[in-house]
Amino acid sequence: MPASIPPADPEGPADRRRAVFSRQAAGLEGRHALEHVPDGGRGRRRAVMRDDALRLIDDLTNRSVDPMFSDARLAPRSRGRVEIWFSRVIVFAICLAVGFVGSLIVRQLHSDPRKEVRDTLISQLNAENSRVDSLVKDTRAIREQVDVQSNKLGSSQDDGTMDRDTIGTGLGTVTGPGITLTLANPIAAGDGGSDGSTPREGQSNRIRVVTDLDLQQFVSLLWHAGAESIAINGYRIGVQTSVRTAGQTILIGVNQIQSPYKIQAIGDGDALANAMSAKALPALYASYQASGMYPQVSKANSMTLQPADSGDVSFAKRSE
């Protein structure tokens, strides 16, 4: 076997050796002794191959770190002040951009996209309600002008039939004695800043509030007691007027109302007050008081109710 590089002495000084591809290894003579092979060079080729394998094993065992890597670490590259500050500025700008984008993402995650949609819908609803109120006022004014012109022309129906029909259908302004029944939501429900145009957010479902069914029940009782004209919060009940709930908002026709609910009825004040008293309706009043609602009935010597909203009649005609 050919002689190889002797192993390093662990107690002796460090033996710095270079790989064959290192810059300082160029020009060095081999330190390996080769045996004399008399067979024309074939034995020499095999010996060299064995020697290369041994050198590779020795390098892997004693010099696991690449000498070129060690040379690079021993001679670090110098950097100028401009390059250093330029690198710092670039890193600072990247950190600012990442922080800004991260804050935008966090803000977007914490925001409620439904709030913008809800606000938009509320503004549109308020605009439409204002438009409807304006059109209703114009309709009432035009109807009053028509009535004035009809009276001037001296219609043949001055026998009172038209007046009774107008009062019964709720299309004319009426005045007379009657009562006012006031019903409000319980104090525990609170208003929560709601004006009736939006649902009551955060309100407990266990708290009972006034519904459209309650108003419909009182209206039916008043009609049964002999009321001639009824209005809720100033909106007259006519033949085409509905009392219903849209979402959590009570509508009289197309007009929204809110608590407290004032039901005005024209008729015999004493008879209506007795029919709507707690003595006449003990079970109904007990159920309301259990929920924290206390209906109040007051009589009035005179009250005025505006005409109800009515649509166009296309098919119904007066019978001859």
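Taking the six-membered ring for Trp, Y288 and F218 have ring centres closer than 6.0 Å.
Under the 4.5 Å side-chain heavy-atom criterion for ILVMFWY residues, no single connected hydrophobic cluster contains both Y235 and L251. Both W223 and M276 belong to a single network of hydrophobic side chains, linked directly or stepwise wherever heavy atoms of I, L, V, M, F, W or Y lie under 4.5 Å apart. Note on I94: it clusters hydrophobically with F86, by side-chain heavy-atom contacts below 4.5 Å among ILVMFWY residues. Cluster annotation: I90 is connected to V98 through the hydrophobic network of ILVMFWY side chains, with a link wherever side-chain heavy atoms come within less than 4.5 Å.
Only one option out of L181, V297, I179, L221 pairs with L272 in a side chain to side chain contact (heavy atoms under 4.5 Å, CB included); it is I179. Just one residue in the list L183, N255, V219, I250 forms a side chain to side chain contact (heavy atoms under 4.5 Å, CB included) with I232, and that residue is V219. Each of L215, I237, T180 was compared with I263 under the side chain to side chain contact (heavy atoms under 4.5 Å, CB included) criterion, and only L215 meets it.
Pairing each heavy atom of A184 with each of M293, the nearest pair is O-CG, 3.3 Å. Contact record, A275 with A225: CB-CB, 3.6 Å, taken as the closest heavy-atom pair. Of all heavy-atom pairs between A265 and L222, the closest is CB-CD1, 4.0 Å.
Between the side chain of Q289 and the backbone N or O of Y294, no donor-acceptor pair lies under 3.5 Å. A side-chain donor-acceptor contact under 3.5 Å links D212 to the backbone of T245. Although no hydrogens or angles enter the test, the distance criterion places no donor-acceptor pair under 3.5 Å between the side chain of D214 and the main chain of V210. Side-chain N or O atoms of S134 include none that pairs as donor or acceptor with a backbone N or O of R131 at under 3.5 Å. N185 places no side-chain N or O within 3.5 Å of a backbone atom of S259 that could act as its donor or acceptor partner. Side-chain N or O atoms of T61 include none that pairs as donor or acceptor with a backbone N or O of D58 at under 3.5 Å.
Between Y261 and N233 the shortest side-chain heavy-atom distance falls below 4.5 Å.
Between the side chains of T175 and T304, at least one donor-acceptor pair of N or O atoms lies under 3.5 Å. Using a 3.5 Å distance cut-off with no hydrogens or angles, the side chains of R236 and T241 do not pair a donor with an acceptor.
Rounding to the nearest 0.5 angstrom, the gap separating the NZ atom in K279 from the CG atom in L281 is 13.0 Å. With rounding to the nearest 0.5 Å, the separation of OG in S123 from CD in E128 is 10.5 Å. R244 contributes atom CZ, which lies 10.5 Å from atom OG1 of T249 (distance to the nearest 0.5 angstrom). Separating the OG atom in S242 from the CD atom in Q216 is a distance of 8.5 Å, to the nearest 0.5 Å.
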- Message: Applying side-chain contact (heavy atoms from CB on, under 4.5 Å) to N129 and Q256, what does each step give before you reach the verdict?
- Response: CA-CA 9 Å; N129 288 334; Q256 60 184 4; 3.4 Å; yes
- Please walk me through it: do L305 and I266 pass side-chain contact (heavy atoms from CB on, under 4.5 Å)? CA-CA 9 Å; L305 303 182; I266 292 179; 3.8 Å; yes
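The residues R114 and D119 are annotated as not salt-bridged, no charged nitrogen and carboxylate oxygen being separated by less than 4.0 angstrom.
Surrounding CG of D138 are more than 12 heavy atoms belonging to other residues, nucleotides or ligands, all under 6.0 Å away.
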